[in-house]
Amino acid sequence: MRQATLARLALTVAVVAGGTGFLVYSSLSHAQHYVLVDVLLAKGFDQFKDKQIKVAGYVQPGTIATATVDQQTYRTFVLQRQGKKIRVFVTGPVPDTFKDNSETLATGRLVKAGDLQPVADDICKNATVKDRGDCPVRADAEQTMVVEATELSAKCPSKYKGAESNKPDTTYK
């Protein structure tokens with residue numbers, strides 16, 4: 001092979017290797033870890049610190065507390081699955097399907113529970129009677145870490161349970 005052909009081949013390999021390395025690095029640095037509540041608690045918080053996580057579970061009935069403070073809506077609730085629980089704090093709007101027992105996915109990060117105790121106190125102080133949930137909230141009494149969510153997704157309740165009974169009767173004559 002000629003010297004110029006070898007140089008082009010080496011340059012092509014270097015560009016492909018560099019591009020592949022960049023893609024791997026950038027995808028790992030922005031990766032979000034999907035984890036169920038019970039798995040999160042079983043594995044421990046250490047491997048998820050300082051990382052974006054998506055925590056999935058069911059909203060424990062009676063734990064949703066909502067308040068508006070300085071024109072900002074704050075909520076806290078307990079996400080549970082198979083007897084394991086973690087408290088979630090979220091600011092802003094939530095889906096229409098978010099309610100007790102709804103299957104919910106909280107996207108955010110883990111923070112020390114004590115850091116969000118002032119938020120919990122504000123929620124309980126400013127919540128209306130119907131929106132008090134499980135106030136007073138002691139965030140640090142439940143877990144050492146809580147989820148500070150930036151986004152919530154709630155699964156729609158199944159409209160199709162017993163769908164067989166909704167099918168038209170084709171035997172009608």
Side-chain angles (χ1 to χ4, degrees), residues 27 29-167:
S27 67
S29 65
H30 296 292
Q32 292 181 342
H33 302 278
Y34 177 88
V35 63
L36 301 169
V37 172
D38 54 327
V39 174
L40 172 66
L41 296 176
K43 286 185 176 182
F45 299 126
D46 291 336
Q47 75 181 65
F48 298 105
K49 280 185 181 176
D50 302 321
K51 294 181 181 174
Q52 279 280 357
I53 61 170
K54 292 183 177 216
V55 183
Y58 295 88
V59 177
Q60 183 174 334
T63 62
I64 301 172
T66 305
T68 302
V69 179
D70 296 327
Q71 298 183 355
Q72 186 71 23
T73 303
Y74 295 91
R75 283 180 185 78
T76 183
F77 60 93
V78 174
L79 205 55
Q80 59 89 21
R81 186 171 186 275
Q82 296 185 354
K84 304 294 184 187
K85 303 172 185 177
I86 191 164
R87 183 159 291 278
V88 177
F89 289 86
V90 65
T91 305
V94 297
D96 293 340
T97 55
F98 176 75
K99 58 184 178 184
D100 287 349
N101 291 316
S102 64
E103 189 174 351
T104 301
L105 182 68
T107 304
R109 62 188 180 94
L110 292 173
V111 296
K112 290 181 181 173
D115 293 351
L116 290 179
Q117 187 58 49
V119 175
D121 294 340
D122 279 347
I123 291 171
C124 290
K125 181 175 76 175
N126 294 300
T128 63
V129 174
K130 84 174 183 81
D131 291 330
R132 290 187 58 81
D134 59 349
C135 285
V137 172
R138 288 296 316 159
D140 54 355
E142 297 161 351
Q143 295 287 343
T144 57
M145 303 292 276
V146 296
V147 178
E148 183 178 37
T150 54
E151 181 182 342
L152 283 184
S153 301
K155 185 176 179 182
C156 295
S158 179
K159 298 176 185 175
Y160 306 107
K161 286 186 179 178
E164 289 297 319
S165 64
N166 293 335
K167 289 185 178 175

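Note that these values count all heavy atoms, side chains included, but never hydrogens, waters or copies made by symmetry. Since this is a predicted model, take the numbers as computed values, not measurements.
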Practice task
Could you walk me through whether D46 and K49 pass the salt bridge (Lys or Arg N to Asp or Glu O under 4.0 Å) test, one step at a time?
Solution key: CA-CA 5 Å; D46 291 336; K49 280 185 181 176; 3.5 Å; yes
Handout entry: Side chains of K85 and Q60 in contact at under 4.5 Å (non-hydrogen atoms)
Key = yes
Exercise for the section: Answer yes or no: is there a side-chain heavy-atom contact under 4.5 Å between S153 and E151? Expected result: yes
Problem - Under 3.5 Å: donor-acceptor pair, side chain of Q117, backbone of A139 - result: yes
Practice task
Of all the heavy-atom pairs spanning K112 and V146, show the shortest one and how long it is.
Solution key: O-CG2, 4.4 Å
Practice task
Look at the side chain of T97 and the backbone N and O of A154, then say whether any donor-acceptor pair between them is shorter than 3.5 Å.
Solution key: yes
Exercise for the section: Taking all heavy atoms of V55 and all of I86, pick out the closest pair and write down the distance. Expected result: CG1-CG2, 4.5 Å
Practice task
Keeping the roles fixed (side chain from T91, backbone from T73), state whether a donor-acceptor pair exists under 3.5 Å.
Solution key: no
Practice task
Look up atom CG in L116 and atom CG in D122, then write down how far apart they are to the nearest 0.5 Å.
Solution key: 11.0 Å
Problem - Qualifying salt bridge (Lys or Arg N to Asp or Glu O under 4.0 Å) pairs, either residue in residues 127-138, two or more places apart - result: R87-D134, R138-D140
Problem - Beyond-backbone contact of P95 with L152, side-chain heavy atoms, under 4.5 angstrom - result: yes
Exercise for the section: Determine the minimum heavy-atom distance between F48 and L110, stating which atoms define it. Expected result: CB-CD1, 3.7 Å
Completion exercise
D100 meets the side chain to side chain contact (heavy atoms under 4.5 Å, CB included) criterion, sequence neighbours left out, with V59, P61, I64
Exercise for the section: Take T104 and Y58, measure what side-chain contact (heavy atoms from CB on, under 4.5 Å) needs, and give me the verdict at the end. Expected result: CA-CA 6 Å; T104 301; Y58 295 88; over 6 Å; no
Handout entry: pair V90-Y74: side-chain heavy atoms closer than 4.5 Å
Key = no
Practice task
Return the minimal non-hydrogen interatomic distance between K54 and T107, and the atom names on each side.
Solution key: CG-OG1, 3.6 Å
Fill in the blank from the handout: Tightest non-hydrogen contact, residues G92 and R75, listed as O-NH1, 2.9 Å
Exercise for the section: Check for a donor-acceptor pair, side chain of K51 on one end and backbone N or O of Q47 on the other, with a separation under 3.5 Å. Expected result: yes
Problem - Spatial distance of atom CG (L41) from atom CZ (R81) [nearest 0.5 Å] - result: 11.5 Å
Exercise for the section: Verify side-chain contact (heavy atoms from CB on, under 4.5 Å) between L105 and Y34, making sure each step is shown before the conclusion. Expected result: CA-CA 9 Å; L105 182 68; Y34 177 88; 3.5 Å; yes
Practice task
Keeping to residues at least two apart or across chains, list the ring-ring contact (aromatic ring centres under 6.0 Å, His included) pairs with something in residues 100-132.
Solution key: none
Exercise for the section: Indicate yes or no for a side-chain donor-acceptor contact from D115 to the backbone of V111 under 3.5 Å, with no hydrogens or angles considered. Expected result: no
Handout entry: F89/F77 aromatic ring centres below 6.0 Å
Key = no
Completion exercise
Scanning both residues in full, the closest heavy-atom pair of V69 with N126 reads CG2-ND2, 3.3 Å
